Structures are given as structure tokens and as C-alpha cells.
Participant: 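Please see the structure below; I have some questions.
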Amino acid sequence: AVVATHGTAAARSQAYANARNWSATEVLAWLIDIGCSETIIDMFRGKNITGVDLLSMDPDGMLKKLGMTSVDMRISLMNAIDELKSGIGEKPAMADAKKDDGKAQTPAKGKKDKDGDGGGGEDAGQVHHVDTRLTWFEERVLNALKLKNDKWKKMVTIQENLEIMSSFLDKEFGALLFYLSPKDELLPAVVFPPFLKKKSVYFLKNTPGQPVQSPELDRELTIGDLTANPLEFLSTLLEEVYLPLLTNPRNLESWPEVVANDVLRYFHQLNGAVYVIAGKSKGKTMLPLPHGAKVTGVETADRSVLHSLESAVIDWSHQIKEVIKSSSAAPLDEGQHPGPSVEIDFWAARAANLKSIHQQLTDDKIQKIAHILEASRSTYYPAFKAIFNDVVFALDEASDINRYLKTLRPSVERLTGTSDFAELVQIFPAMIRALSLIWRHSRFYNTPARLTVVLREVCNDVIEQARSFIQPSELFGSEPEEAAERLRLAVRVCDALRQDFLDERAALADSQRPWAFDVGIVFARLDQFAERVRCILELFDSIIEFNRLEKIEIGGTKGKILSSQIAQIFTEFQAALAAFSKIKYDILDISLPDFKEDLGKFHTTITDLDRRIGTILCQGFDDCSSISGCFRLIDSFAGLLNRPTIQHDFEKKYYELLRAFSRELDDVAAIFAKFKDAPPIHYNMAPVTGAVAWTHELKDRIGKGMEKLKTLTHASMNSDHASMLKEKYTELYSQLDSYESTVFTRWADGIIDESEANLHKPLLVRRNHLLYVNFDPKVVALLREVKYFEALGVKAPEAALSIYSKAEVFRKYVFSLDHISSTYNGIRTGLIDVERPLFERKIREIDLQLDEALTSLNWKSESVEQYITTISAVVGELNSIMQLTKNNV
């Protein structure tokens with residue numbers, strides 16, 4: 001199906017009715033209009049196929065003339081040609097083929113031929129709604145800009161570009177410009193772009209402000225070229241083309257003198273205006289010279305010439321005064337928020353501009369005009385001298401300021417170029433110090449008004465850096481803790497800048513030129529921004545605190561009911577937060593008053609939730625059965641307790657908590673007094689360590705409570721009651737410490753010396769001919785006590801630790817000697833009278849060897865292990881012999 005989108009219905013009918021008279025360009029436009037692929041269009045391009053050729057084309061002709069090998073492509077195109085013929089009243093050539101094939105009359109999107117190339121892949125046969133008139137521009141634009149066809153193809157694939165071109169034709173736009181973007185892409189525009197990279201081409205309507213109705217665009221539009229710098233081109237055109245034409249007397253012979261003079265006068269005004277505007281585009285103020293007369297000397301300065309010169313002086317005066325009166329504070333006064341680089345660039349540009357003006361004023365041509373004015377005693381000569389002197393002074397001022405402000409640029413570049421926001425706090429001191437040095441040494445940049453400008457611009461830059469770092473649009477989508485940390489860092493950076501300024505201000509307080517200007521003006525916007533960030537930080541702190549409610553479970557008899565109420569509060573908070581986070585404006589834009597109103601509504605909801613939490617918290621506190629339960633409840637709501645409303649409701653409970661802890665101290669003191677002489681000891685624990693462990697438990701019972709109290713920041717913790725409670729705690733804790741020290745010292749003084757002496761006793765003793773291990777129970781008790789002391793974290797005396805270090809060795813010795821003794825005693829008691837003579841000699845030999853363990857060998861001897869090995873082997877051998885003998889009987 002033909003997709004016609006161009007012009008009016010009458011224009012479309014006329015265009016298709018005239019198909020046999022189509023040019024090759026119009027055939028291409030029709031192919032685009034029906035949605036043919038780029039592959040088909042490229043086959044037609046350059047073949048000069050007119051409307052007659054198109055209507056007479058058959059599948060064989062497509063194959064031979066176009067090289068169209070795809071059968072599907074040829075059938076689809078013939079279907080479209082047949083539909084075109086039907087539209088203009090001609091007989092279709094493939095009526096039968098259409099019936100047989102049953103194919104669509106336009107190529108299907110994504111259709112490919114048998115060989116895999118028909119239709120150019122995915123875009124083959126895709127229907128593009130393209131204005132057929134737009135193809136008229138293609139050849140003209142490509143030829144004018146000397147571009148390849150792929151630039152145009154890429155441009156027309158973007159719907160926005162097609163809409164721009166169509167809107168030029170169908171709406172009131174008077175001009176259409178085709179230009180190359182900085183990325184070297186061809187683009188259309190109905191509004192002049194801010195930058196031209198290369199030459200561009202424009203089309204103007206011959207009937208401005210009216211849609212283009214006729215398909216014959218050659219009659220409707222005018223084409224022209226535009227250089228990359230239109231102002232310079234216009235200035236050159238005026239100077240090199242129009243000026244010679246208008247100043248040549250032969251060209252003005254048929255003009256009345258009045259008309260010729262008016263035309264020249266208006267031309268010179270236009271030329272001067274273009275000259276001035278071209279200079280402004282480069283940041284320079286150009287002083288146009290008067291035209292119309294050649295001044296060769298004072299004698300030639302007639303009234304008309306003098307008037308022309310005086311008019312020029314008036315124009316120059318206005319231009320120069322505009323430059324001199326320009327202020328770097330203008331953007332700030334207009335409500336803009338420039339950074340410090342704008343201040344530096346302003347003075348650099350001002351110095352360069354004034355230098356250019358000074359050079360023009362001292363040029364021979366303008367100096368000659370000044371001499372004529374002076375010689376003619378013109379009333380405008382003093383004005384000329386005044387503006388000259390003003391330029392000299394302003395140039396001196398700008399040069400001085402520019403020279404000193406250059407030293408600030410490295411710090412400003414670091415300020416604007418750093419990717420680490422936290423690094424700003426390291427940049428501020430050097431920047432403020434540089435401003436201080438400029439203040440002290442510059443002849444002109446030493447007034448409060450000027451320094452205030454650059455400081456305000458530094459604040460603006462810090463605000464922008466903070467905004468980029470905080471990312472307000474993504475703030476509510478990030479984790480609350482992460483967002484809060486970013487906000488805290490932003491506040492710290494803002495405070496650091498203010499503090500560095502105040503420090504330097506204090507350092508200059510006693511100097512000849514102190515910084516005696518209003519800090520409120522300097523930091524007004526930064527303070528407002530920091531306050532806004534603090535408000536948002538408070539909001540996120542509330543979010544973090546309320547998020548704790550999700551996991552809170554309250555114990556006690558009322559715990560289940562209170563926990564469900566907390567869950568309901570959390571649900572309501574989530575709903576309020578979701579509604580608040582949907583605000584559409586920038587919450588960091590301090591110029592918008594809506595934030596305060598919306599935040600106030602949110603705080604009203606939160607305050608109501610705070611009151612309910614306070615009520616639940618008080619009920620939970622009253623339901624606690626012990627002081628440890630009270631502390632657990634307070635820990636669960638940590639953070640929320642600092643909220644003013646909750647703190648106010650819970651205030652009385654802090655004093656109840658102090659009284660409860662006082663009763664806890666009394667209970668511990670009573671237990672200590674009752675059991676200190678015979679402390680309850682855990683099962684299997686040694687007596688001394690048991691007493692120490694009992695003391696530790698009492699200390700831990702009151703110590704944990706006191707540590708919890710110390711973490712509370714409520715005013716009750718600084719009351720007289722709290723002070724008395726601390727004294728009471730300290731006294732009881734000291735008694736427990738003293739008791740523990742006494743028990744430990746008493747044990748250490750007695751047991752260690754006895755244990756050391758017992759280790760010098762023989763390894764074995766003999767009773768009734770039988771052997772027994774001689775390891776004293778007091779040594780065993782010492783080892784046991786030291787073991788439990790280690791578990792309690794109490795350091796035993798060095799002597800005890802020295803003995804305990806050999807505990808494993810002693811254990812092995814005792815085990816081995818016990819085995820030897822048992823084996824030996826078994827031999828002694830296991831022999832009957834008839835067997836005894838057989839083993840008597842062996843037993844006497846063993847007894848001789850055992851005499852060493854019974855007399856001289858003690859637990860600290862170095863050869864104990866070797867001795868045990870030897871005697872164990874001998875006793876074991878004798879036992880084996882005895883058992884073998886008994887088995888053989």
C-alpha cells in the first residue's frame with residue numbers, strides 16, 4: 001500500500017496522477033514513500049529511471065537493468081508498481097501474479113530473499129512514513145556540503161530529523177538549515193544552532209510564514225550557503241562587495257543625491273553594527289571608524305565631517321562605558337550561580353578587551369580624529385580625553401586583578417576537577433590562603449565587594465559539587481545509611497569551607513587590612529544549602545531509626561500485643577515515606593518553597609507515630625520483670641529514644657530505672673554479705689577459683705547495669721540521684737574487688753610454697769611392701785586452681801604458672817608411675833608361696849632399681865622420663881614372665 005504523508009490530499013492526488021512525468025528524483029521519493037528498503041533505493045539511485053521507465057518496468061527489466069536477483073523483491077516491487085498504475089487508471093501488468101502469490105502489496109518488514117541478501121537484512125521492506133518532498137533536499141544538500149550519501153541516510157533514519165524538515169514545509173518556519181554537528185553528523189534545524197563546525201546550507205521560503213503547498217520546491221524555496229563564521233562572512237561581504245558598489249559614483253548616477261546619501265548612511269550604520277557584533281562574538285569591543293569622508297588634515301574637517309567624527313566619539317563613549325561599567329557580580333545579581341572560574345575568566349577577558357580598546361584608541365586613525373577634534377575645539381574632545389583616561393585606569397585595574405587572580409586558578413581547577421568530593425576539605429585552606437594573599441598585595445582586588453563575589457562563587461561551586469555527590473534524584477532509591485553518610489559528608493565539607501574562612505579572617509584581624517565584611521552575605525546561599533542538607537539528613541536519620549521497628553520484638557506478658565502495634569506503626573511509616581519520596585521537584589533546590597511545606601506534613605505524621613511509640617515503650621517498660629529486661633527494651637529502641645517526642649514521654653521511666661538499679665545494688669550487697677565466708681561454688685570448680693568466679697558474677701551483674709546507664713544521654717543521668725547511685729556502685733564494687741584480692745592472695749601465699757616443696761618429694765613411697773605414687777594432692781589442687789584462673793581471665797602468680805606449665809608432664813609421669821606401681825603390686829600379691837622362690841631374685845633386682853624412685857629421684861629431676869622408661873620395661877618383663885608361668889601350670 002502506498003503510504004502518502006506529504007502535503008495536502010490535493011497535492012498527493014496531483015503528484016500520483018502525474019506519475020508518467022516523474023523525474024528520477026521523484027521516482028526515488030516514491031520508493032521511499034512506499035517503504036522500500038535502502039537496498040532497492042540504492043539500485044535505482046544513479047540509473048536515471050524516470051516515471052515512464054518505472055511504469056513500463058517488468059521483472060526481467062528489474063533483473064537486467066537493476067541487477068535485482070531476489071524473486072521476492074521483484075514481485076513485491078511489481079505489486080507496488082501495479083498499485084500505482086491502478087491509482088492513475090492504467091492496467092496492472094501483474095494482476096494474475098498477485099492473485100497467484102497472494103503476497104502483500106508492500107514489502108514485509110524483515111523480509112529476506114532466497115540468497116539471504118534481498119532487502120538488506122532486518123530493514124528490508126520496512127515501512128517508513130517519509131515525506132516524498134524531503135528527497136528534493138538530498139541531492140542539493142549533499143552537493144552543497146560535498147558529503148557522501150551515507151550522511152543523509154543516517155540522518156533520515158531518525159524520526160526527529162524527518163519531523164523537523166516536514167515542519168519547515170508544513171508550518172510557519174521561514175528557514176531550514178542543514179549543518180554538521182561537532183560529531184560530524186548531518187542535522188536539520190529550523191532554529192539557528194549555537195555552533196557551526198563547517199559550512200552549512202540553508203533553504204528560505206519565498207513566501208515567508210506560509211506552508212509549502214506546491215510540489216515544485218524549486219519555485220517555492222531559495223537555497224544558499226553559510227560559512228562556519230557568518231558574522232565574519234557578512235562583514236567581509238559588506239566591505240568587499242557592497243561597499244565598493246555603493247561608493248562607486250557610476251553606480252549612483254541614476255539615484256537622487258538624497259536617496260544615495262541615505263542609502264550610504266544606513267549602509268555605514270549596518271556595517272558598523274556588524275563590525276561591533278563580530279567583535280562581541282569574540283569577546284572584544286570594536287570601535288567602528290566613521291565613514292563617508294577621507295580626512296587628510298584639519299583643514300578638511302568641514303561641518304559634515306566634524307559631525308561624523310563627533311557622532312563616532314559618542315558611539316565609542318557608549319561602548320566603552322558599557323565595558324567599564326560591566327561588573328563580575330552581574331550574574332550573581334541576576335540570580336545566577338556561577339563558580340569562581342567565571343570571576344577569573346571575567347577579569348582575564350576584561351583585561352584583554354580593555355587592552356584591545358586601548359590599542360584602538362592609540363591607533364593612528366583614531367589619534368588623527370582626536371587631533372581634528374582638538375584643533376576644531378570640538379565640545380566632544382574633552383569627552384574623548386575622559387573616556388581615554390577611563391580606559392587607561394580600567395586597563396591598569398583589570399591587568400592588576402588578572403595578574404593576581406591567575407594565582408587562584410590552580411586551586412579553582414582542583415576544586416572543579418576533583419572526582420573525590422571528600423578531597424575538597426584539603427583544597428579549601430590553600431584557596432582561602434591564596435585569596436588572603438591577593439587581598440593583601442593587589443592594588444585593586446582588596447575591597448569587600450570584590451572579595452565577596454569570588455567567595456560567593458566558591459560557595460556556588462561547592463554547592464554544585466555537593467549536589468552532584470548527593471545525587472538528589474537517586475537519594476530515596478539508595479540505602480538510607482549510604483544516603484545519610486553522603487549527606488553528612490556534604491555538611492562537613494560546607495562547614496569546613498566556612499571554618500577555613502573564619503580561621504583566615506581571625507589571622508587577619510590584627511593586620512592593616514582585616515576582612516571586615518559581612519560573613520552572612522558571603523555564606524548566605526551556602527548556609528541555606530547546608531541547612532537544607534541537614535533537614536534531609538534529619539529525615540534520613542528518622543528513616544534509619546524507624547527501620548529498626550521492623551525487627552523489634554518486645555518480651556513480657558504484653559509483648560505480643562505491643563509488638564503487633566509496633567509492626568503497624570512501621571507499616572504506616574513506610575506508607576508516609578513512600579508518599580513523600582514521590583515528590584517531583586529537586587529537594588536540594590533551595591529556591592523552591594514546596595519542600596518546607598511537604599516536609600512539615602511528613603513531620604506531622606512522624607510526630608504522631610512518635611507519640612504512639614512513646615506510649616508503647618512506657619507500657620513495655622512497666623511490663624519488664626527485671627532490670628536486665630528494662631535495658632534490653634531500651635537497647636531495642638536505641639536511636640528512637642533520642643527523638644524529642646518519645647524522650648518526653650519516656651522521661652519518667654529514666655528515674656524509675658535509676659531506682660530499679662539502686663535496688664539491684666542492694667540485692668547484690670545482701671548476697672555478698674550473706675555468702676562471702678562460704679561462697680556458693682559451681683560443680684567441679686576448685687575452691688579458690690570458685691570463690692573468685694562467684695565474685696566475678698556479682699561484679700558482672702552490677703557492672704553491666706552501670707555500663708548501660710553510662711550510655712544513656714538523658715538529663716537524669718546527671719542528677720543528684722544518679723551521682724549517689726554511682727557512689728553506691730563504686731563502694732560495692734570496691735568491696736568485691738577487695739574480697740577477690742584477699743581470697744587470691746591468701747591462696748597464693750600458702751599453696752605455692754607447699755606445692756614447690758612437695759615437688760621435691762620422691763616419686764614413689766612403699767607401704768607394706770607395696771608401691772604408691774607420691775604426687776601430693778596440694779600440687780593437684782594448685783594445678784586445678786591455675787587452670788580455672790586461666791578460664792576466668794585471672795593471672796596466677798609466676799611461681800604457680802611455672803608449675804602449671806609442666807602440668808602435662810606431671811600427668812604423664814603420674815600415669816606411667818601408677819601403671820608401674822599397679823604392675824609391681826600385682827606381682828607382689830599375685831605370687832603364691834610355691835612360686836615365690838622362683839621370682840625372689842628378680843624382685844630383689846627390681847627393688848634395687850626402685851630405691852632411686854623411693855629416695856633420691858623427685859618430680860623436678862631431669863632424668864625422670866628416662867628412669868620411668870627403664871623401670872617400666874623391667875617390671876613389665878617380670879610381669880610377663882609371671883603370667884606365662886601361671887599359664888603353663
Side-chain angles (χ1 to χ4, degrees), residues 272-273 275-291 295 297-298 301 305-331 333 341-409 435 437-454 513:
Y275 181 67
V276 171
I277 294 173
K280 282 187 176 181
S281 67
K282 299 178 181 178
K284 295 182 179 181
T285 300
M286 307 304 294
L287 306 177
L289 293 172
H291 293 278
V295 181
V298 176
V305 173
L306 189 61
H307 175 72
S308 176
L309 301 183
E310 290 174 342
S311 298
V313 171
I314 293 173
D315 293 339
W316 297 343
S317 177
H318 290 317
Q319 288 180 262
I320 293 171
K321 284 181 179 179
E322 182 182 352
V323 174
I324 294 175
K325 287 182 179 180
S326 62
S327 171
S328 62
D333 296 338
S341 58
V342 173
E343 177 76 357
I344 299 173
D345 293 340
F346 171 84
W347 286 106
R350 181 182 175 94
N353 192 18
L354 288 169
K355 184 177 180 181
S356 172
I357 293 173
H358 185 266
Q359 290 174 347
Q360 294 177 69
L361 290 176
T362 55
D363 185 72
D364 292 341
K365 295 179 181 178
I366 293 184
Q367 283 297 311
K368 191 171 184 180
I369 293 173
H371 292 321
I372 293 174
L373 293 175
E374 182 181 15
S376 302
R377 296 184 179 181
S378 171
T379 56
Y380 289 93
Y381 177 70
F384 177 83
K385 283 189 65 176
I387 62 172
F388 183 82
N389 292 334
D390 289 344
V391 169
V392 171
F393 177 80
L395 176 59
D396 183 36
E397 176 192 55
S399 299
D400 174 79
I401 293 174
N402 181 45
R403 180 165 58 253
Y404 284 102
L405 282 184
K406 282 181 180 179
T407 62
L408 190 64
R409 190 176 290 278
L435 287 173
L437 293 173
I438 293 172
W439 170 270
R440 283 185 284 179
H441 293 91
S442 174
R443 290 183 293 120
F444 297 98
Y445 209 79
N446 56 6
T447 62
R450 283 189 172 150
L451 196 63
T452 297
V453 170
V454 70
R513 302 167 73 178

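Treat the numbers as computed from the prediction; the structure is a model and nothing was measured.
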Participant: Just how far is it from atom CH2 of Trp347 to atom CZ of Arg450, taken to the nearest 0.5 Å?
Facilitator: 4.0 Å
Participant: Measure the spacing between OG of Ser376 and NE2 of His371 and express it to the nearest 0.5 Å.
Facilitator: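 Reported to 0.5 Å precision, the distance equals 12.5 Å.
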Participant: Within the structure provided, determine whether Val276 and Pro288 are in side-chain contact (heavy-atom separation under 4.5 Å).
Facilitator: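 Heavy-atom side-chain distance check passes, below 4.5 Å.
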Participant: To the nearest 0.5 Å, tell me how far Ile324 CD1 sits from Ile357 CD1.
Facilitator: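 Reported value, rounded in 0.5 Å steps: 7.5 Å.
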Participant: Look only at the side chain of Ser356 and the backbone of Ala352, and say whether a donor-acceptor pair between them is shorter than 3.5 Å.
Facilitator: no
Participant: Check whether any side-chain heavy atom of His358 lies under 4.5 Å from a side-chain heavy atom of Leu361, and answer yes or no.
Facilitator: no
Participant: Check whether any side-chain heavy atom of Tyr380 sits under 4.5 Å from a side-chain heavy atom of Ser311, and report yes or no.
Facilitator: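 Sidechains of Ser311 and Tyr380: no contact.
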Participant: At what distance, to the nearest 0.5 angstrom, does CG of Asp363 lie from CG of Leu287?
Facilitator: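 Reported value, rounded in 0.5 Å steps: 10.0 Å.
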Participant: Set out, in order, the CA-CA distance, both residues' side-chain angles and the distance that settles side-chain contact (heavy atoms from CB on, under 4.5 Å) for Leu435 and Tyr404, then state yes or no.
Facilitator: CA-CA 9 Å; Leu435 287 173; Tyr404 284 102; over 6 Å; no
Participant: Evaluate the side-chain proximity of Tyr381 to Val313: yes if any heavy-atom separation is below 4.5 Å, no if none is.
Facilitator: no
Participant: Do Tyr445 and Glu343 have side chains that approach each other closer than 4.5 Å (heavy atoms only, starting at C-beta)?
Facilitator: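 Contact flag for Tyr445/Glu343 side chains = yes.
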Participant: Is it true that Lys385 and Asp390 have a side-chain N and a carboxylate O under 4.0 angstrom from each other?
Facilitator: no
Participant: Does the distance from a Lys or Arg side-chain N to an Asp or Glu carboxylate O, for Arg443 and Asp396, drop under 4.0 Å?
Facilitator: yes
Participant: In Å and rounded to the nearest 0.5 Å, what is the CG to CG distance from Leu373 to Leu309?
Facilitator: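 Between atom CG of Leu373 and atom CG of Leu309 there are 5.5 Å.
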Participant: Would a 4.5 Å heavy-atom cut-off, applied to side chains only, mark Leu437 and Thr407 as touching?
Facilitator: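 A side-chain contact under 4.5 Å is absent here.
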Participant: Please find the pair of heavy atoms, one from Ala398 and one from Leu354, that lie closest to each other, and give the distance.
Facilitator: CB-CD1, 4.0 Å
Participant: Apply side-chain contact (heavy atoms from CB on, under 4.5 Å) to the pair Phe388 and Ile320, showing each step before the final yes or no.
Facilitator: CA-CA 9 Å; Phe388 183 82; Ile320 293 171; over 6 Å; no
Participant: Are the side chains of Phe346 and Ser326 in contact, using a 4.5 Å heavy-atom criterion?
Facilitator: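 When only atoms from C-beta onward are counted, Phe346 and Ser326 do touch, with a gap below 4.5 Å.
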Participant: Judged by atom type as modelled, is there a donor-acceptor pair below 3.5 Å linking the side chain of Asn402 to the main-chain atoms of Ala351?
Facilitator: no
Participant: Looking only at the side chains, is there a donor atom on one of Glu310 and Ser378 sitting less than 3.5 Å from an acceptor on the other?
Facilitator: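 Note: Glu310 and Ser378 side chains meet the donor-acceptor criterion.
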Participant: Just how far is it from atom CD1 of Ile401 to atom NZ of Lys406, taken to the nearest 0.5 Å?
Facilitator: 13.5 Å
Participant: Please report the C-alpha distance between Arg350 and Asp345 in whole Å, then the side-chain angles of each, then the deciding distance to 0.1 Å, and finally whether the salt bridge (charged side-chain N to carboxylate O under 4.0 Å, His left out) criterion is met.
Facilitator: CA-CA 8 Å; Arg350 181 182 175 94; Asp345 293 340; over 6 Å; no
Participant: Which heavy atom in Pro290 sits nearest to a heavy atom in Trp316, and how many Å separate them?
Facilitator: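 Closest approach of Pro290 to Trp316, heavy atoms only: CD-CZ2, 4.2 Å.
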Participant: With a 4.5 Å heavy-atom cut-off, do Thr447 and Thr452 have their side chains touching?
Facilitator: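 No; the side chains remain at least 4.5 Å from each other.
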Participant: Can you check whether Phe393 and Phe444 have ring centres sitting under 6.0 Å from each other?
Facilitator: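 Yes, the ring centres sit under 6.0 Å apart.
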Participant: Test Lys365 against Ile369 for side-chain contact (heavy atoms from CB on, under 4.5 Å), laying out the working first.
Facilitator: CA-CA 6 Å; Lys365 295 179 181 178; Ile369 293 173; 5.7 Å; no
Participant: Which atoms form the tightest heavy-atom contact between Ile344 and Arg409, and what is the distance?
Facilitator: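 Closest approach of Ile344 to Arg409, heavy atoms only: CG2-NH2, 2.8 Å.
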